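Computed from a prediction, not measured in an experiment: that's the story for all the values here.
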Amino acid sequence: MTKSPSILLPTEQDIQLLLAAQCHVGVKNVNTRMVPYVYKRRADGINLINIGKTWEKLIFAARVIAAIENPQDIVVVSARPYGHRAALKFAKYIGAEAIVGRFTPGTFTNYNTRSFREPRLIVCTDPRTDFQAIKEASYVNIPVISLADTDAFLQYVDIVIPTNNKGKHAIGLIYYLLARAVLRLRGTLDYATEWDVMVDMFFYREPEEAEKEQIAAAVEANFEANVEWGAAQDGDWTIESAVEGPSSIAAAASAGAGAEWTPQAATANWADDMEATAAPSSWD
């Protein structure tokens, strides 16, 4: 890391992010070719990855990716579910193409298939789950960049980024830092300014969590709509009560009653009217 320019060195925040995402936590098994990247072995048998070498390889991979003139000639492959979202976001921001899920055999070698591609560089998430893509790339001389854990099988891998590729936060953070480094090397993003994209966008999300968030958003929107509708209804009832309220109805009724009964009581006696209109009886 001391040989790199100072502008490419990691900041304290970058180191804290790598440690928080547990990018340095490996597994108990170690491949022979991954021994130089192991810092030490814990008491419980877990091997710890050297964060400094992880950053060196990350910057090296970013320089290789930035050297490709056409970003569409780069293919990002991820068969591991935890890397689907990170691979898609990484390909989106650097302008590459992503192949997530099952890799169709013959994508790089059989030109008769519909999914045939001729990339100049491929980026993989796990050398074991993406071995079909790595093997086909070796047939047609395509360089391979791959994330690798301490037990990774590095056959046909040209550039390895030693990191924890089994955790969703570690995978998302490495792809986030790699995308940011590529954009900075291209000149799209300035080193002095922070990237406005949050690292959470690269993390894998459970389908149940996404459904819960969608339901919560729909309930909140429905609640806000009901509140707005209730406010509008309250305003209408207030106006109607000002025009046709109970007090106005009672005032109109009392005014009508006074106009109808007061003249009659002043001009005639109801007893006289009853006697005048009484029918003759046979008892008389």
Side-chain angles (χ1 to χ4, degrees), residues 1-6 8-65 76-87 90 122-135 137-138 143-182 199-200 202-206:
M1 292 180 63
T2 57
K3 297 180 181 179
S4 302
S6 60
L8 298 178
L9 294 178
T11 61
E12 183 179 357
Q13 183 180 3
D14 296 334
I15 299 299
Q16 290 177 356
L17 287 175
L18 290 171
L19 294 176
Q22 295 184 349
C23 294
H24 64 293
V25 179
V27 294
K28 293 184 178 180
N29 297 330
V30 181
N31 195 330
T32 305
R33 297 181 62 183
M34 290 297 295
V35 171
Y37 304 109
V38 176
Y39 174 66
K40 70 174 183 179
R41 186 185 184 95
R42 292 193 315 197
D44 56 354
I46 300 297
N47 295 279
L48 301 180
I49 300 173
N50 192 338
I51 292 294
K53 294 186 178 181
T54 300
W55 186 264
E56 285 183 356
K57 288 293 186 176
L58 189 143
I59 296 299
F60 181 39
R63 293 173 64 182
V64 173
I65 295 173
V76 185
V77 182
S78 178
R80 186 180 291 274
Y82 281 177
H84 288 182
R85 185 179 177 88
F90 175 76
I122 68 171
V123 181
C124 299
T125 304
D126 190 356
R128 293 186 181 275
T129 58
D130 302 328
F131 183 73
Q132 179 66 31
I134 295 175
K135 189 175 182 180
S138 67
V144 177
I145 299 174
S146 178
L147 280 64
D149 211 332
T150 57
D151 62 342
F153 184 66
L154 301 183
Q155 187 178 12
Y156 308 128
V157 176
D158 299 287
I159 300 175
V160 59
I161 303 177
T163 182
N164 175 14
N165 63 356
K166 296 177 175 59
K168 58 182 179 180
H169 296 113
I171 295 175
L173 179 62
I174 291 297
Y175 272 112
Y176 170 82
L177 295 176
L178 187 60
R180 189 185 67 177
V182 170
V199 67
D200 299 354
F202 288 74
F203 291 161
Y204 172 78
R205 296 171 59 189
E206 297 288 345

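Among all heavy-atom pairs drawn from Ala62 and Ala181, the shortest one is CB-CB, 3.6 Å. Annotation for Pro81 and Tyr204: closest pair O-CD1, 3.3 Å, computed over non-hydrogen atoms. Closest of all the heavy-atom pairs between Ala61 and Ile159 is CB-CG2, 4.3 Å. Here the shortest heavy-atom pairing between Pro162 and Thr54 reads O-OG1, 2.6 Å. Residue Ala86 comes nearest to Gly172 through the heavy atom pair CB-CA, 4.0 Å, listed as atom of the first residue, atom of the second, then distance. In this structure, Leu18 and His24 approach most closely via the heavy-atom pair O-ND1, 4.2 Å.
Few gaps surround NZ on Lys166; more than 12 heavy atoms of other groups in view lie less than 6.0 Å from it. More than 12 heavy atoms of other shown residues, nucleotides or ligands fall within 6.0 angstrom of atom CZ in Phe131.
For the atom pair CG (Leu58) and SG (Cys23), the distance works out to 9.5 Å, reported to the nearest 0.5 Å. We find the CG-NZ distance between Asn50 and Lys57 to be 12.0 Å, quoted to the nearest 0.5 Å.
Here the side chains of Ile15 and Trp55 are not in contact, with every heavy-atom distance at 4.5 Å or above. With contacts defined as side-chain heavy-atom distances shorter than 4.5 Å, the pair Phe203/His169 qualifies.
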Cys124 vs Ile134, side-chain contact (heavy atoms from CB on, under 4.5 Å): CA-CA, chis, key distance, verdict: CA-CA 8 Å; Cys124 299; Ile134 295 175; 3.7 Å; yes
Stepwise side-chain contact (heavy atoms from CB on, under 4.5 Å) check, Leu178 with Ile65: CA-CA 9 Å; Leu178 187 60; Ile65 295 173; 4.0 Å; yes
side-chain contact (heavy atoms from CB on, under 4.5 Å) between Ile49 and Asp149, worked out: CA-CA 8 Å; Ile49 300 173; Asp149 211 332; 4.1 Å; yes
Got a list of side-chain donor-acceptor pairs under 3.5 Å for residues 33-44, not counting sequence neighbours?
from	atom 1	to	atom 2	distance (Å)
Arg33	NH1	Leu154	O	2.9
Arg41	NH1	Lys28	O	3.4
Arg42	NE	Asp44	OD1	3.2
Arg42	NH2	Asp44	OD2	3.0
Asp44	OD1	Ile46	N	3.3

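No donor-acceptor pair closer than 3.5 Å links the side chain of Asn47 to the backbone N or O of Gly26. Between the side chain of Thr163 and the main chain of Ile171, no donor-acceptor pair closer than 3.5 Å is present. Between the side chain of Arg128 and the backbone N or O of Asp151 there is at least one donor-acceptor pair closer than 3.5 Å. Side chain of Asp126 to backbone of Ala79: no donor-acceptor contact under 3.5 angstrom is found. No side-chain donor-acceptor contact under 3.5 Å links Ser146 to the backbone of Val160. At least one donor-acceptor pair under 3.5 Å links the side chain of Thr150 to the backbone N or O of Val27.
In this pair, Tyr175 and Phe90 present their aromatic rings tilted. The plane angle is within the 30 to 60° band. In this pair, Phe202 and Tyr176 present their aromatic rings perpendicular. The plane angle is above 60°, beyond the 30 to 60° band.
Of the residues listed (Asn164, Asn165, Leu147), the one engaging Ile174 in a side-chain contact (heavy atoms from CB on, under 4.5 Å) is Leu147, and it is the only one.
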